[in-house]
2 protein chains.
Amino acid sequence: MKRKITLKHIAKELEVSISTVSKALKNSEEISRDTKEKIQAFAKLYNYRPNNIAVSLKNKRTKNIGVIIPDIVHHFFTTVISGVEKEANSKGYNVIVCLSDESFDKEVINMEMLANGSIDGFIMSLSSETQQKKDYNHLKEVTDQGIPLVLFDRVTQSVDCDKVIIDDQLGAYEATKKLLNQGKRKIALITVDDYLSVGTERTKGFIRAHKDLGIPYLEKNILKMPTMEMEEGIIREFLTKADYDAIICVNEIFAVFGMKVAKETGKKIPQDVSVIGFTDGLLSKYANPSLTAIAQHGELMGETAARMLIKRIEDESDDEFPFQTKILQPTLIERDSTIN
Amino acid sequence: MKRKITLKHIAKELEVSISTVSKALKNSEEISRDTKEKIQAFAKLYNYRPNNIAVSLKNKRTKNIGVIIPDIVHHFFTTVISGVEKEANSKGYNVIVCLSDESFDKEVINMEMLANGSIDGFIMSLSSETQQKKDYNHLKEVTDQGIPLVLFDRVTQSVDCDKVIIDDQLGAYEATKKLLNQGKRKIALITVDDYLSVGTERTKGFIRAHKDLGIPYLEKNILKMPTMEMEEGIIREFLTKADYDAIICVNEIFAVFGMKVAKETGKKIPQDVSVIGFTDGLLSKYANPSLTAIAQHGELMGETAARMLIKRIEDESDDEFPFQTKILQPTLIERDSTIN
DNA sequence: TATTAACACGAAAACGTTTGCGAGACACTT
DNA sequence: AAGTGTCTCGCAAACGTTTTCGTGTTAATA
C-alpha cells in the first residue's frame, strides 16, 4: 500500500521548501527553470496529485455541487441528474446527490449537511412535504450564507434565487387543445393536489384551453391524486365511473395505467379514448400503444440549472446580477395513443 | 449575508481559547460545567456547525462515498443508487455520483478526481468499454492506495476487492426452465455480447437449463446484441426471421420491444409466445401485457454494497479481513406475459 | 506549612495546500 | 565602496478543525 505523496514529501526528497514545490508545480515565474524541471519531473514520476480537501479548505472552493431531489426512481429526475452531471463534469465539478424522499425533514438534514462546506452551490427540487408546509427557512438560511441555489421544476416564489421550470400550463394547454380540436368533449384529467405546483399549473392549462375554445370542461372529470405515488384503486374507480373520451395524466405512470383500465373496459385506444401523459420517458416510448407525451426535457433542465449555478458560483464581481427564472418549453411528442 | 461562524469567532467572543471551545462542544470532561454551558448556549444561538472540509482534512475522513456507474437512465442503476443512498445516509455518509457513460476514459478521470481525497471509498459498476479493454489499472491504483472499493453487477476477477452480484446464471436458468417445463421448445434468447459479464452468465444459464432437462437449445435462436443500447432494427429483423415460442431478454426494454414485434406479427402473448425479461422495473410492471421479469433487486444490491464498503472504511483493525463476494438471488416475478 | 493531586484551561502542532513578503546571492551602476 | 536591481528561494500565516501536552490555580493531604 503506497500512501499518497504530498508536497511535503517532494520537498524533503528534493531538499527544497514546500512553497518552492508548490510554485514550481504551478509553473511560477518565481522559480528557476532548472528547479522547476526537476520538481515537475519528480512529481510526474511519483504521480503527484494535490489533495482536494486541502485545496478546498484553502480556496474555500470545493468544486462540488449538491443536488437534492425528492426521488430518483421517477424518470424525470433521473434525466435531470444526467444533465446536471454532464454540464458539471465538463466544468470540473462533481455532483453530490441527496434524496429527500419527499420528506421535509430529510430535505432539511441534507441541506444542512452539505451547506457546512461540502458544496459550492445547490440545485434542488422541492419535496412535496415542503410544498405542503410552505416552510422554506432552510432554503433561506442557505442563500443568506451566500451559497448559490437553483431551484428547478418544483419551485416556490417565496425564495429569491435562480429557477428553471418548464411551462407546465402551456404543456397542458396544448395537449388539451389538440384533443378538443379533434372533437373530444369529455376529457378526463388525472392530476395531483394543488399543493404541488405542477398540479396547479397543469390544471390551469387544461381549463384555459377549454375556455379559449369556448368549450365547457367537466369538473367531475378532474381527478386530483393525493400524491404523485401510484394508487391503482383510486384511478381505477375514477375511470370506471367517469364518462370520458380522452385522458390527460400528470405523469406517464398514471397514463399507462389509465390506458390499461380503459382497455379493460372495452375501449379502443386511440379511437374511443385518446391518452396523453406528462413526462416523456421509457414508459411512454415502449407502452402499447405507445404514448403521446408532453416532454419535459429533464436533461436540458439539468444542464440549464447547472450552467446557471456555476455561473453564479464563479462570478467574482460583487455587483450581483439579478436572479433569473428560465422557462423551458415543453414539447408534444405524438405517438399512437392519440389520433394524428 | 451572514458568514458562517467558526470556532475562532466563538473563542474570541467568549474570551476563551479555540481548544476550549472545541472541547466544550464535544462535551469533554476537561471543561467545567459553567464554561461548557456558556459555550454550548452561544454555539446554539449562533447555529454553529463545524466545517466539514476542515474536519475532513484533520481526520482524513470525508464521510463521502463515490459511486461510479455507466449510466443513470437504466432503471437498474437508479435503484442501486437509491439503495446506496439510503444505507449511506443512515450512517452519515453522502453519495457522490459520477457517470462513466460506458466510457473507459470518463471512468478513469472520475476515479482519479475522486481518489484525491474527496471520498472514503468507491462503489462502482464497470463501463462496457472497460470490460472490453480489460484494463483495470485505475482500479488497482485506487486499491493500492488503501481506498476501499466495492464492485457490483459488472465486476471483474482481475481486481481484488469486495463484490456484490446477482446470480445471473441462476436467473436465466430458472426462467428457461420454467418455459421448458411449460412445453416451450423454441425459446429465443436476446442477450448481449460476451464481453459484458452479464451477457456471458445469462447465456450460460440458458444453455445449462436446456442441458439439465435434456432438451437441445437452438443456437440460431440466440441473438447477441452489440451493447445494452436498444437497436430496434436488429431485434425486429431477428424476430421476424426466427421461429420461436418464447423470448427471454437481457433487459426489460428488449423484452417489451420483443413483445411488440411478436404482437405485430400476429402472435398472442402469452399463449403463442411467452416473454420474460431481466430487470423488474417500471416497464415490466406497466407493460401490456405486464411482463414476467427476473428481479435483480437493485436497491438491495446498493444497500449491500454500501454496507460492505462502510464496514471496510470504518474497520480500524490492521488485520484486514478477506475480500468477500456476495451473491444475491434473483427472483422470478410472474405476470401476464407467461402462462401461470 | 509544605507536598501532592485534581481541575480547568491554553499553547501549539498537525492535516495539505496557497501566497505575500522578506532575504540572500550576485551583478551592475555610480 | 556604497548603492541599486534582479533572480531564486524560504518563511510563515492562513483555511477550520482536533488533540496532545503543559501549566497555573485551588483544594486536599501529610
Side-chain angles (χ1 to χ4, degrees), chain A residues 3-40 42-43 46-64 113-120 145-147, chain B residues 3-40 42-43 46-64 113-120 145-146 316:
Chain A
R3 287 238 40 75
K4 269 266 160 191
I5 191 173
T6 69
L7 291 184
K8 196 193 278 188
H9 298 139
I10 302 183
K12 189 190 289 181
E13 205 66 32
L14 264 36
E15 297 181 310
V16 290
S17 78
I18 293 179
S19 26
T20 303
V21 178
S22 176
K23 287 168 186 166
L25 293 177
K26 291 197 137 46
N27 236 323
S28 159
E29 293 298 328
E30 255 181 286
I31 310 297
S32 71
R33 269 188 55 130
D34 279 5
T35 321
K36 278 199 285 194
E37 279 174 6
K38 190 177 61 178
I39 292 177
Q40 288 172 1
F42 189 91
Y46 286 91
N47 198 30
Y48 169 79
R49 295 273 180 281
N51 179 303
N52 292 333
I53 298 290
V55 175
S56 292
L57 183 59
K58 186 88 246 275
N59 300 347
K60 292 165 162 277
R61 280 285 169 85
T62 64
K63 286 275 183 179
N64 283 152
M113 185 131 188
L114 294 182
N116 299 316
S118 298
I119 50 92
D120 294 339
Q145 283 172 32
I147 303 178
Chain B
R3 287 238 41 76
K4 269 265 161 191
I5 191 173
T6 69
L7 291 184
K8 196 193 281 189
H9 297 139
I10 301 183
K12 190 190 288 179
E13 205 66 34
L14 263 37
E15 297 181 309
V16 290
S17 78
I18 293 179
S19 24
T20 303
V21 179
S22 176
K23 288 169 189 166
L25 293 177
K26 292 197 138 44
N27 235 322
S28 159
E29 293 298 328
E30 255 181 288
I31 310 297
S32 73
R33 270 189 54 131
D34 279 5
T35 319
K36 278 199 284 194
E37 278 173 6
K38 189 177 63 179
I39 292 177
Q40 288 172 1
F42 188 92
Y46 286 92
N47 199 28
Y48 169 79
R49 294 274 180 280
N51 179 304
N52 292 332
I53 298 290
V55 175
S56 292
L57 182 59
K58 187 86 246 275
N59 299 348
K60 292 163 161 283
R61 279 285 171 85
T62 64
K63 284 277 184 177
N64 283 153
M113 186 131 187
L114 295 183
N116 298 316
S118 298
I119 50 93
D120 294 338
Q145 283 172 32
E316 301 287 317

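In the text below, chain A, chain B and the rest are named by the order of the sequence lines, each starting its count at 1. Note that this is a predicted model, so its numbers are computed, not measured. Below, all heavy atoms of this structure are taken into account, side chains as well, without hydrogens, waters or symmetry copies.
Between K60(B) and dA14(C) there is no side-chain polar atom (N or O) within less than 4.0 angstrom of OP1 or OP2. Checking the phosphate oxygens (OP1, OP2) of dC9(D), a side-chain nitrogen or oxygen of S32(A) falls inside 4.0 Å. Within the 4.0 Å cut-off from OP1 or OP2 of dG10(D), at least one side-chain nitrogen or oxygen of S17(A) is found. Taking side-chain N and O atoms only, Y48(B) has no distance below 4.0 Å to OP1 or OP2 of dG16(D).
Between the side chain of K4(B) and the base of dG16(D), no donor-acceptor pair of N or O atoms lies under 3.5 Å. A donor N or O paired with an acceptor N or O is found under 3.5 Å between the base of dC21(C) and the side-chain atoms of E30(A). The base of dT20(D) lies close enough to the side chain of K23(B) for a donor and an acceptor atom to sit less than 3.5 Å apart. Between the side chain of K58(B) and the base of dT18(D), at least one donor-acceptor pair of N or O atoms lies under 3.5 Å.
Within the nucleic acid shown, S22(A) comes within 4.0 Å of at least one base atom, counting heavy atoms only. At the heavy-atom level, S19(A) lies under 4.0 Å from base atoms of the strands shown. Within 4.0 Å (heavy atoms only), S56(A) reaches no atom of the nucleic acid at all.
Taking atom CG of residue L25(A) and atom P of nucleotide dT17(C), one finds them 10 Å apart after rounding to whole Å. Rounded to whole Å, atom C1' of dT17(C) lies 12 Å from atom CD1 of I10(A).
Looking at which nucleotide of DNA chain C each of L7(A) and V21(B) is closest to, the 5′-most match is held by V21(B).
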